[in-house]
There are 4 protein chains.
Amino acid sequence: MFELDVRSRKPIYEQLMDKIKEMILYGILKPDEQLPSVRTLSAQLTVNPNTIQKAYRELEREGYIYSQAGKGSFVAPSQQQPGAAQLAEMKERLLKLFAEAIYLGFTKSDIEKLYQQTMEEQERGKSSD
Amino acid sequence: MFELDVRSRKPIYEQLMDKIKEMILYGILKPDEQLPSVRTLSAQLTVNPNTIQKAYRELEREGYIYSQAGKGSFVAPSQQQPGAAQLAEMKERLLKLFAEAIYLGFTKSDIEKLYQQTMEEQERGKSSD
Amino acid sequence: MFELDVRSRKPIYEQLMDKIKEMILYGILKPDEQLPSVRTLSAQLTVNPNTIQKAYRELEREGYIYSQAGKGSFVAPSQQQPGAAQLAEMKERLLKLFAEAIYLGFTKSDIEKLYQQTMEEQERGKSSD
Amino acid sequence: MFELDVRSRKPIYEQLMDKIKEMILYGILKPDEQLPSVRTLSAQLTVNPNTIQKAYRELEREGYIYSQAGKGSFVAPSQQQPGAAQLAEMKERLLKLFAEAIYLGFTKSDIEKLYQQTMEEQERGKSSD
DNA sequence: GTGGTCTAGACCACC
DNA sequence: GTGGTCTAGACCACC
């Protein structure tokens, strides 16, 4: 299911968050679908339960999942109205990454193609219910 | 010259790297232009010399600047032919960020506008010699 | 009658307690009025009977309702003379919340308006017999 | 400095957050003042460092303090512009608490006095630099 | 020395 | 069985 790099500089809990976010964004994990329990994932990945829990807690804080004590953790329905701060932060991240991409020679049409590709992958994920 | 945020969670040396990268990407620092010495910058920013040193070392490792023993550090000429690995990594980063942006509701035209804006800023920087 | 949020972090039994307290405080449930039986409410809300039981038990402990074996649970008549400990505790809670409210910029007139609004809602509830 | 109740239902990290918030709100801890280090407080309170860190992390998330790895944790300058969500949540909390206070017989003038008292305590704290 | 991450476990409330 | 809290400890990057 997941592949984690324990040697990476990036903390394990962040790697986990990225993987799960990706699966949500690409529609592989559907809204209200149950995620593996903290213990199960801990055993599967041979990662400490506390580390899994930290990832889940942060994902909940960011609005990607919701957790219920005694029940489990579930994929949150996608946000309808992102906050102004969230939009501003994303804009900043896009501007910075574009600056680097242009430096490497990426053209407007390269960017458009990649955006289109991402859109299509998301559509595929969502329609494959 | 620089403004560092000591309250930020981001390490000082990373903030410094980002600022210098930005000035290179936007053409404010030109190829082969000399950067301030570690000592000068350390005094100007009231930041530990080791921290400046680390930022310069990392920037050199990433190919943004080069150092000449006894002379100083200089902006590297922009790479004409980025490696295949670099292009693949950038493509990956763009795909991931687009996935998040789409999740937040950014449209194709939003993306195009931001790309255009970045392009123009870079042009302005380079032509202002 | 009730709407429970299964996605909330707040335990179901606490949500239930809050709803019932609210209905008592706003006069929607009158003194000595009978509450639905544990079984009935359990079926209506599709919530485990143990959970309903726990909410009723806690509400009784706090003095909001009373139970008669074999008859059912009833709204307690509003306390005419709250204990000194209760008053002191409420005073403490108000002081703490005001400190936070002031920190967020709530003015004296904001506070007065909210108090007035609460008063009017309670009056409306009680007079609608 | 602090008194924690290990037997309480309220988690230790929340008790700690409340105490620190209180000291910030009443001006006992001033903006940019350094908090005791995680290790120091852990030893003083004989509470696990992880628990202290959890309290600090949450306080940072709520905007009361800021932490710098390698430096320490500090009181954040008071927020100038609280978010709309924050204001809405506080309004809700005030309405609920007023409903309970009215039930216990607190009058408008009681509420006003308590608000006034809180204001004065904050002023005293801030001016006693 | 500082905060941040992580392990290996225990115990708790909730359902 | 589930997530949430907590301990006792180790190691890391940063300054």
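The figures that follow rest on heavy atoms only: side chains count, while hydrogens, waters and symmetry mates do not. Just so it is clear: chains get the letters A, B, ... in the order the sequence lines come, proteins before strands, and each one is counted from 1.
S42(C) places a side-chain N or O within donor-acceptor distance of the main-chain N or O of V47(C), the cut-off being under 3.5 Å. In terms of modelled atom types and a separation under 3.5 Å, the side chain of Q86(C) and the main chain of G83(C) share a donor-acceptor contact.
Q53(A) comes within 4.0 angstrom of a nucleotide base, judged by non-hydrogen atoms across all strands. V47(A) comes within 4.0 angstrom of sugar-phosphate atoms only, judged by non-hydrogen atoms across all strands, and of no base.
Taking atom CG of residue L4(D) and atom P of nucleotide dC6(F), one finds them 10 Å apart after rounding to whole Å. Note: CZ (R57(D)) to C1' (dT2(E)) measures 16 Å, nearest angstrom. Atom CZ of F74(D) is separated from atom C1' of dG3(E) by 11 Å (rounded to the nearest Å). As rounded to whole Å, 11 Å separates atom P of dT5(F) from atom CE of M17(D). Here the C1' atom of nucleotide dA13(F) and the CG atom of N48(B) are 14 Å apart, to the nearest Å.
Across all strands shown, dC14(F) forms a Watson-Crick or G-U wobble pair, both distances under 3.5 Å, with dG1(E).
Positionally, the nearest nucleotide of DNA chain F for Y56(A) lies more toward the 5' end than for the other of P49(D) and Y56(A).
Here Y66(B) and Y56(B) keep their ring centres 6.0 angstrom or further from each other.
For the OP1/OP2 pair of dT5(F) and a distance below 4.0 Å, the side-chain nitrogens and oxygens of Y13(D) include at least one atom meeting the criterion. Between K71(A) and the phosphate of dG3(F), there is no side-chain N or O to OP1/OP2 separation shorter than 4.0 Å.
Interface remark: the R39(A) side chain does form a donor-acceptor pair with the dG3(F) base, using a distance-only criterion of under 3.5 Å. Within 3.5 Å, a donor on the side chain of N50(A) pairs with an acceptor on the base of dG9(E), or the reverse.
Listed candidates were dC14(E), dC6(E), dG3(E). Nearest to the side chain of R9(D) is dC14(E).
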